[in-house]
Chemist: 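Right, I'll just put the structure down here and ask away after.
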Amino acid sequence: MYYELYKSIKQQIADSLGLIIDPENGQITGSVPDGIQDIQWFNAQYDGVIHIAPCVFVEFSPLVINRQTKQTNTTDISVRLHIVSEVVSESDGCIPDIDVLQHETLGHQVLDAVEDKPLMFLGEETRPLRLVGWTHHHKYNGWMVTLIDLKTKG
C-alpha cells in the first residue's frame, strides 16, 4: 500500500523539479548541481551513510483503515518529507546564511511539488495533500534537515 503512495510522491517531485526517474531501477537523473539529487524511501538513513545530498526521504505513518461500506475503505494518510542537505560548517559550528537559504529554497520547491495534489492509493486518487507541519534542524547527525508534514485522506 505504501509503495503506490511513495511512487506517486516521487513522481510529483521529479516532474516538478525536472528530474527523470529511470523506469528500470527508479534512480533519479537530470538533477542540477545544487538541486535535489535523489528521492528515497525513508529507512533510518541518519544511522548509516547518506551517499548523496541534497535529497528527499519519504516517510509514512501507520495506516488505520476504516471500513465505511463493503466496497469502501477510508484512511488518514500522514506523510513526512525529509529535505536533507550536507552541513559544511566552520570550526565554530557556524552555518553560512546562504547554505540555510539554499536548503530552505529546496524545501519550498519540494512542498510546491506536492501540496494541494492528490496521491494514488489503492488505485484511486486521494484528497489533495495539505501542509500540517514544518520543522527545521540546523545540524542533525551532520545534516541540515527540514521535516515537512502533510496529510490527506484516502
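For this chain, numbers begin at 1 and follow the sequence in order.
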Chemist: Same cluster or not: Val114 versus Val84, using hydrophobic residues (I, L, V, M, F, W, Y) connected whenever any side-chain heavy atoms lie under 4.5 Å apart?
Modeler: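 Looking at the clustering, Val84 is in a separate group from Val114.
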Chemist: CG of Asp22: more than 12 outside heavy atoms within 6.0 angstrom?
Modeler: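 Buried by this count: over 12 neighbours within 6.0 Å.
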Chemist: I'd like to check the salt bridge (Lys or Arg N to Asp or Glu O under 4.0 Å) partners of Asp76; sequence neighbours left out, ordered by chain and number.
Modeler: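 With sequence neighbours excluded, Asp76 shows a salt bridge (Lys or Arg N to Asp or Glu O under 4.0 Å) to Lys153, given in chain and number order.
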Chemist: Working to the nearest 0.5 angstrom, can you tell me the gap between Ile77 CD1 and Leu150 CG?
Modeler: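 One finds 11.5 Å between CD1 of Ile77 and CG of Leu150.
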Chemist: Quick one: ring-ring contact (aromatic ring centres under 6.0 Å, His included) partners of Phe42, sequence neighbours excluded?
Modeler: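 Phe42 satisfies ring-ring contact (aromatic ring centres under 6.0 Å, His included) with Tyr46, His82 only.
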Chemist: Is there side-chain contact between Ser61 and Arg80, with heavy atoms separated by less than 4.5 Å?
Modeler: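 A side-chain contact under 4.5 Å is absent here.
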Chemist: Is there a side-chain contact between Val110 and Ile36 (heavy atoms, below 4.5 Å)?
Modeler: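 Counting from C-beta outward, Val110 and Ile36 do come under 4.5 Å.
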Chemist: Decide yes or no for Leu63 and Phe121: does some side-chain heavy atom of the first lie under 4.5 Å from some side-chain heavy atom of the second?
Modeler: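 Heavy-atom side-chain distance check passes, below 4.5 Å.
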Chemist: Using the side chain to side chain donor-acceptor pair (under 3.5 Å) rule, collect all pairs that involve residues 105-120, keeping only residues at least two apart or in two chains.
Modeler: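 Listed by first then second residue: Asp116-Arg130.
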Chemist: Do Glu125 and Met120 have side chains that get closer than 4.5 Å, going by heavy atoms?
Modeler: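 A side-chain contact under 4.5 Å exists here.
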Chemist: So Thr146 and His103, do their side chains get closer than 4.5 Å, heavy atoms only?
Modeler: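 Yes - at least one pair of side-chain heavy atoms lies under 4.5 Å apart.
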Chemist: Side-chain contact test, heavy atoms from C-beta onward, threshold under 4.5 Å: evaluate it for Val145 versus Leu147 and give yes or no.
Modeler: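 In short, these two side chains touch, coming nearer than 4.5 Å.
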Chemist: Within the structure provided, determine whether Val58 and Gln40 are in side-chain contact (heavy-atom separation under 4.5 Å).
Modeler: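 Not in contact.
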Chemist: Decide whether Phe60 and Ile83 are clustered together by the hydrophobic rule: side chain heavy atoms of Ile, Leu, Val, Met, Phe, Trp, Tyr closer than 4.5 Å, transitively.
Modeler: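 Shared cluster, yes.
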